[in-house]
Amino acid sequence: MPRYWLMKSEPGTYSIADLERDGSTGWEGVRNYQARNFMRDIMQPGDGVLFYHSSAEPPGVAGLARIARAGYPDPTALDPRSPYFDPKATDQEPRWYQVDIAFEQRFPEIIPIATLREAPGLEAMLVINRSRLSVQPVTPEEWEIVLELANQLPFRAPSGTV
DNA sequence: GCCAACGTTGGC
DNA sequence: GCCAACGTTGGC
């Protein structure tokens, strides 16, 4: 059973264009326990991902990805030179986990969070109510609504890529 | 730049 | 184990 997620990144750090260029990437650097638990325990290859640009103008959903690899220890937690280094992480107790995500599509325009707020059926979406959670589940109903919004964008998004 | 939300830390 | 202080996130 596929699951759906929303994952946030500041585009200045890593954008949907970066993911398109790279094809796939490790979602390193998450240092929040709730977000970690989703990645470590629940996400599975094939799950759908809304790729969200935070602290952007405008902030919103920039495209789609999918989970390419289930949770595994985040190596940056063990690397003293990494900005994500955590001295409490060890090989035996990795503490932080990541997944790999693969590029699916880039929307022709961002779907702004203001549009999500106004869309019927998205009232309970976590990105609206718990904006600080950087990895969050999305219901199948919410996923469908967001894809419909994407298809209403001026340059129709390519179909059949999911 | 401001500020609300909220997660984490640390004193007790 | 509580809770105040503090730091960070992220929309506006």
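Predicted model only: the values in this text are computed from it and were never measured. Heavy atoms only: backbone and side chains are in, while hydrogens, waters and symmetry mates are out. Numbered from 1 within each chain, the chains take letters A, B, ... in sequence-line order.
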Reading nucleotides 5-11 of chain C from 5' to 3' and marking B where a protein heavy atom lies under 4.0 Å of the base, S where only the sugar-phosphate is that close, and - otherwise, the string is --BBBSS
May I ask you to decide if A:T139's main-chain N or O and A:E142's side chain share a donor-acceptor pair within less than 3.5 Å? yes
inquiry  = Go through it in stages, so that I can follow the logic: the residues are A:W96 and A:Y33, the test is ring pair (Phe, Tyr, Trp, His ring centres under 6.0 Å), and I'd like the CA-CA distance, side-chain angles, deciding distance and then a yes or no.
reply    = CA-CA 8 Å; A:W96 301 114; A:Y33 288 105; 4.7 Å; yes
Residues pairing under ring pair (Phe, Tyr, Trp, His ring centres under 6.0 Å) where one sits in residues 40-61 of chain A, two or more places apart or in two chains, turn out to be A:W27-A:F51, A:F51-A:H53
| field | Backbone of A:R36 reached by a side-chain donor or acceptor of A:D41 within 3.5 Å | value | no
Task: Salt-bridge present (A:R95, A:D86; N to O < 4.0 Å) - done: yes
